[in-house]
Structure formats: C-alpha cells, structure tokens
Amino acid sequence: MNKVKNRNNYLKAGLVSAALSALLLVLVYVYWNRSYTYGYGDQMIVKWAQRKDLYIGHKFDDSKIVPVNVAYDKILVPHIDKRDSTIAGVRPITDRGELLAFLKMLKERDKYGYIMCDVRFDDHQTEYDEELYATIASMRDIVVATDNVEESPEAIRNVVAESQYSSRQVGDIFMKYDLIHSDGSPSLALRMWEDITGGKMKKKWWGYTIDGKLCVRSLVYDFRYSIYDDLSHTDAKAPKDSYMYSPSLRNLGSQIVEPYQEGFISGKFFDGKFIILGDFTEYDIHTTISGNQPGPIVVFNALLSLMHGDNILPFWVYLLVYIVFWLESMFLLRNKFELNLRNFRVFRRIRAVFYRKRRPDQRTGLHKTLYLMLGFLTYSTPLWIMGVCLYAVLGIFVNVIIVGTVFWVISWFV
C-alpha cells in the first residue's frame, strides 16, 4: 500500500511540477525578450565576457571591416531654439560635404560590400543636403541611422532605420540590444541583416520568429569585433599577454577624402569591404560588457550576432531549461506531496550539515539563517551551472538566474 501511495505521490508531484515548469519557461522567454535584465545575474555575465575578451579572444576576421571616423569632420550650422524658433547660436554637425565626396567615390567604383552610415540627418540643413540625399537614395546596400523614421528626410526614408539601444538599468552599462522594436519595426542591425540575407523577423502575439524559427527579440550578445584605442578601452587594466584588437580606424577627411581629391588614392581599398561610418572617438562612446565601445560598434556586433544566429536558441536549450525547472519543482514540492528524498545520499548529506536534529526551541538564529541560505543556494546553484555550460557550448548568455529567486520565494509558502 505504501509503495502505491508513494508512486501516486510522485506522479502527482511530477504533473504539478510539469505544469509549473511550463509556466516558468514561458515567463523566462518573456524575460529574455525584455529590454532590460533587471540586475539578476548581470555581474556574472560581465565577468565571463571580460575574461573571454581579455584572455581567450575571438577568432573573427576583420580584414573586410573598415570603420570610418567622422568625429573630427565638423561644420557649424545655426541652432534653432524650439521654444521661440529663434537662432540660439551654432552647433557642430558632421561635414556633409566630405561625406558626399566619400559616398560619390564609393558609388562611382560600385565595388564596396555594404555601408552602415551612423550619421543623423533628422535636423539641420546644409547646402549639400539635396545632392547628398539623392546620392544615398541611388546607392545599393546602404542603411542610414535615424532616431525617428517619420522625421528623417523623405528622399532617403526607404534606407533609414531606427538606431536605439538602452543600458540594462538607469545609469548602468549597456548589455541588451533590441533587434526589433516594440511596434514591430526593425532595428538598425536587423535592417542590415534583412538587406544582406533576405531574411525576415516577425512579431507574433506569442513571441518572435526569424525565418519561421522561434527566436528572441532582445539578447545579451558577445562582442566579436571591438576597437580599442586611447579613448576606447577596457575599464580594468589589461593583464600581461592579454588579447587586444588592433585598431583599423580611418578619419574621413584627413585620411580618405583629402587624399582622394588630391589623387593619392583611388578608393580601391574599399572594394568588397563593410564600411562603418560614425563617431568612434568623441561623443558616441558607451560602456559595455567589453569595456568602452563606440556606438557604431555596438550596432555592428548586434548584426554579427544575427549573422551567427545567436538569437535563435536550439530546441535542446529550451528542453534543458525545462528539465532543470522540473527537477527543482519536484524538490520544491517534496514536503507537499510527502516525497521521501532521504533515500538519496546527496540530500542526506545536505540535511546532516544544515539541518541538525534539534528541538524547535533549540534552533539558533544562525541555524535558521543557514537554512534560509541553503534554500536559496539549492535553487540557484543548478541554474548558475547551467548558465555557465550554455555559455561554454553556445557562446551566448542565457540568463535564468532570476528563477532561482522565484523558487526560493515560493518555497516560503509551500
């Protein structure tokens, strides 16, 4: 009779755990798609990323990548005060004349690979705008960053995409990148991926798909390509023999446009190259999990993650997470369904250390504290181990540590 009762208890606990695990898996998928990580497990991710970046490095061929810096190519234009529509003074913007000369050079040869232009044209007018916009609109394989598609120049509206990304928490470092915005419009990285591959990412009522495969819209990705120089560096001093990327930065005016206009270069260097235009050294620097990095590099690494399918988690990842949740749910419900876990040696040893045989009135405050700590460690440790293993195998961050806290809180009531 006891064997039958015990078997029924395990069956009931198994079914309840299966339902609870399915619910938690759905909640974790929703959590993965959020723009923020809310701090849970973030420090672990940062340490992993820095260790890999400084000691292991990345096997990434950057010979076809050309970052072009526009930080020192400025002109002054009148700034209109929006409060009273008067001229408040002047402000510096990217020299659109030099930008036009560079793009015309690339268009004439028409052998470049792809152009990512992280320069805003949402406001201010110059004498070069009409020809510049016409040139951009007539070029192939080019995308222009904007803060608002509807406010971008109408002539280039077909080739613009919103470039917005946020820190993981207010005042904290950048960590997660939204591949698709909440309204379903593509991010700058996703727009480039769609142009290059012809693929499509779609928003469903239950989640997101990319080319028909279940995916996530927001991910903590690894920086495969980084630029380090005197202004863009890691926060901590690089240890001896650490792996560092050599910068290949070129300034738009002094190193490209002027030599081209004087006949010293033909533009052949850019044949087949992925060209990244933007501010790399002055005003567009972000603190990331790989140190301080320019905004264009943040977007470009999001594109690299898409190219490698980092936002498409294999089915076995969901299955593994589900199984771990199921095992922890069984442990959570052990007393509710009278499961005799003392038959398992590991539980006997844990109990011997933290749950000594004392009368309730003999239990000290320290003993109760240790027991509460045991509960948290019991639920969180397997999830930490799973996160480390998934990063080692996939090279991407699958944050499920927050569920350990959820199990711990539920255990107070069960």
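Throughout, residue positions are numbered sequentially from 1 according to the sequence presented. Hydrogens, waters and symmetry mates are skipped; everything else that's a heavy atom, side chains included, is used. Since this is a predicted model, take the numbers as computed values, not measurements.
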Would a distance-only check, ignoring hydrogens and angles, find a side-chain to backbone donor-acceptor pair under 3.5 Å from K202 to G184? no
Measure from NZ or CZ of K268 to the centre of the six-membered ring of F270, then state whether that distance is under 6.0 Å and the direction lies within 45° of the axis. no
Measuring only between side-chain heavy atoms, which start at C-beta, is R250 closer than 4.5 Å to F269? yes
What orientation do H124 and H79 show, parallel under 30°, tilted 30 to 60°, or perpendicular over 60°? tilted
Taking atom CZ of F280 and atom CD1 of I285, what is their separation to the nearest 0.5 Å? 9.0 Å
Starting from the C-alpha separation in whole Å, work towards a yes-or-no answer on side chain to side chain contact (heavy atoms under 4.5 Å, CB included) for L303 and F300. CA-CA 5 Å; L303 169 63; F300 181 67; 4.2 Å; yes
To the nearest 0.5 Å, what is the distance between CD (E258) and CD1 (I265)? 10.5 Å
Evaluate side chain to side chain contact (heavy atoms under 4.5 Å, CB included) for D284 paired with D118, printing each intermediate quantity in order. CA-CA 10 Å; D284 194 12; D118 195 2; 3.8 Å; yes
Over all atoms of both residues, closest heavy-atom pair of P92 and K74: CB-CB, 4.1 Å
Please test L333 against S17 for side chain to side chain contact (heavy atoms under 4.5 Å, CB included), starting from the C-alpha separation and ending with a verdict. CA-CA 8 Å; L333 300 171; S17 297; 3.6 Å; yes
Donor-acceptor check, side chain of D178 to backbone of I180, threshold 3.5 angstrom: yes or no? no
If you take all heavy atoms of M201 and W193, which pair is closest and at what distance? N-CZ3, 4.5 Å
Is a side-chain donor or acceptor of D279 paired with a backbone partner of E282 at a separation under 3.5 angstrom? yes
ring-ring contact (aromatic ring centres under 6.0 Å, His included): which pairs involve residues 301-326, sequence neighbours left out? none
Heavy atoms, side chains only, cut-off 4.5 Å: are K107 and T135 in contact? yes
If you round to the nearest 0.5 Å, how far is CG of L23 from OG of S329? 9.5 Å
The ring pair (Phe, Tyr, Trp, His ring centres under 6.0 Å) partners of Y29 (sequence neighbours excluded) come to none
Residue pairs fulfilling side chain to side chain donor-acceptor pair (under 3.5 Å) with at least one residue in residues 205-214, sequence neighbours excluded: none
With the side chain counted from C-beta on, respond yes when M116 and L188 share a heavy-atom pair under 4.5 Å apart, and no when they do not. yes
Sequence neighbours excluded, the answer for salt bridge (charged side-chain N to carboxylate O under 4.0 Å, His left out) partners of R109 is D271
L106 CG to D141 CG distance, which is reported to the nearest 0.5 Å: 12.0 Å
Do the non-hydrogen side-chain atoms of R96 and Y133 ever get within less than 4.5 Å of each other? yes
Is the cationic atom of R140 (NZ for Lys, CZ for Arg) positioned less than 6.0 Å from the six-membered ring centroid of Y112 and within 45 degrees of its normal? yes
Applying ring-ring contact (aromatic ring centres under 6.0 Å, His included), run through Y221 and F223 and close with a yes or a no. CA-CA 7 Å; Y221 57 78; F223 277 63; 5.4 Å; yes
Would you check, one step at a time, whether the test side chain to side chain contact (heavy atoms under 4.5 Å, CB included) holds for I275 with F102? CA-CA 11 Å; I275 302 165; F102 179 51; 4.1 Å; yes
Are any non-hydrogen side-chain atoms of T146 and S163 less than 4.5 angstrom apart? no
Can you list the residues that meet the side chain to side chain donor-acceptor pair (under 3.5 Å) rule with K200, with sequence neighbours excluded? none
Any carboxylate oxygen within less than 4.0 angstrom of a Lys/Arg side-chain nitrogen, looking at K104 and E131? yes
Under 3.5 Å, side chain of K273 to main-chain N/O of G113, donor-acceptor pair present? no
L306 vs D310 side-chain heavy atoms within contact, under 4.5 Å: no
Partner set under side chain to side chain donor-acceptor pair (under 3.5 Å) for E130, not counting sequence neighbours: none
Taken to the nearest 0.5 Å, the spacing of N158 CG from I136 CD1 works out to 12.5 Å
Partners passing salt bridge (charged side-chain N to carboxylate O under 4.0 Å, His left out) against R91 (at least two apart in sequence or in another chain): none
Partner set under ring pair (Phe, Tyr, Trp, His ring centres under 6.0 Å) for Y114, not counting sequence neighbours: F274
V298 versus P294: any side-chain heavy-atom pair under 4.5 Å? no
Check R224 with D62, please: is the shortest side-chain N to carboxylate O separation under 4.0 Å? no
Where K176 and S218 come nearest, the two heavy atoms and their spacing: CE-OG, 3.3 Å
Taking all non-hydrogen atoms of both residues into account, name the closest pair between Q125 and D129 and its distance. CA-OD2, 3.1 Å
Might you point out which heavy atoms bring V299 and M192 nearest each other, and give the distance in Å? CG1-CE, 3.9 Å
I75: which residues meet the side-chain contact (heavy atoms from CB on, under 4.5 Å) condition with it, sequence neighbours left out? V77, I93, D95, T126
Going by side-chain contact (heavy atoms from CB on, under 4.5 Å), C215 matches just one of L313, I312, L179. Which one? I312
Which residues satisfy the salt bridge (charged side-chain N to carboxylate O under 4.0 Å, His left out) test with D147, sequence neighbours excluded? R120
With a 3.5 Å distance limit and no angle check, can you tell me whether N301 reaches the backbone of I297 through a side-chain donor-acceptor pair? yes
From E127 CD over to L100 CG, what is the distance, rounded to the nearest 0.5 angstrom? 10.5 Å
Excluding sequence neighbours, so at least two apart, what forms side chain to side chain donor-acceptor pair (under 3.5 Å) with N69? N251, T281
Is a side-chain N or O of R191 found less than 3.5 angstrom from the main chain of V143, in a donor-acceptor match? no
Distance-minimising heavy-atom pair for S187 and A161: O-CB, 4.1 Å
By side chain to side chain donor-acceptor pair (under 3.5 Å) - contacts of S185 (at least two apart): D183
Is it true that atom CG of L15 has more than 12 heavy atoms of other residues, nucleotides or ligands lying nearer than 6.0 Å? yes
Between M307 and T197, is there a side-chain heavy-atom distance shorter than 4.5 Å? yes
Do any N or O atoms from the side chain of D73 and from the backbone of G253 form a donor-acceptor pair under 3.5 angstrom? yes
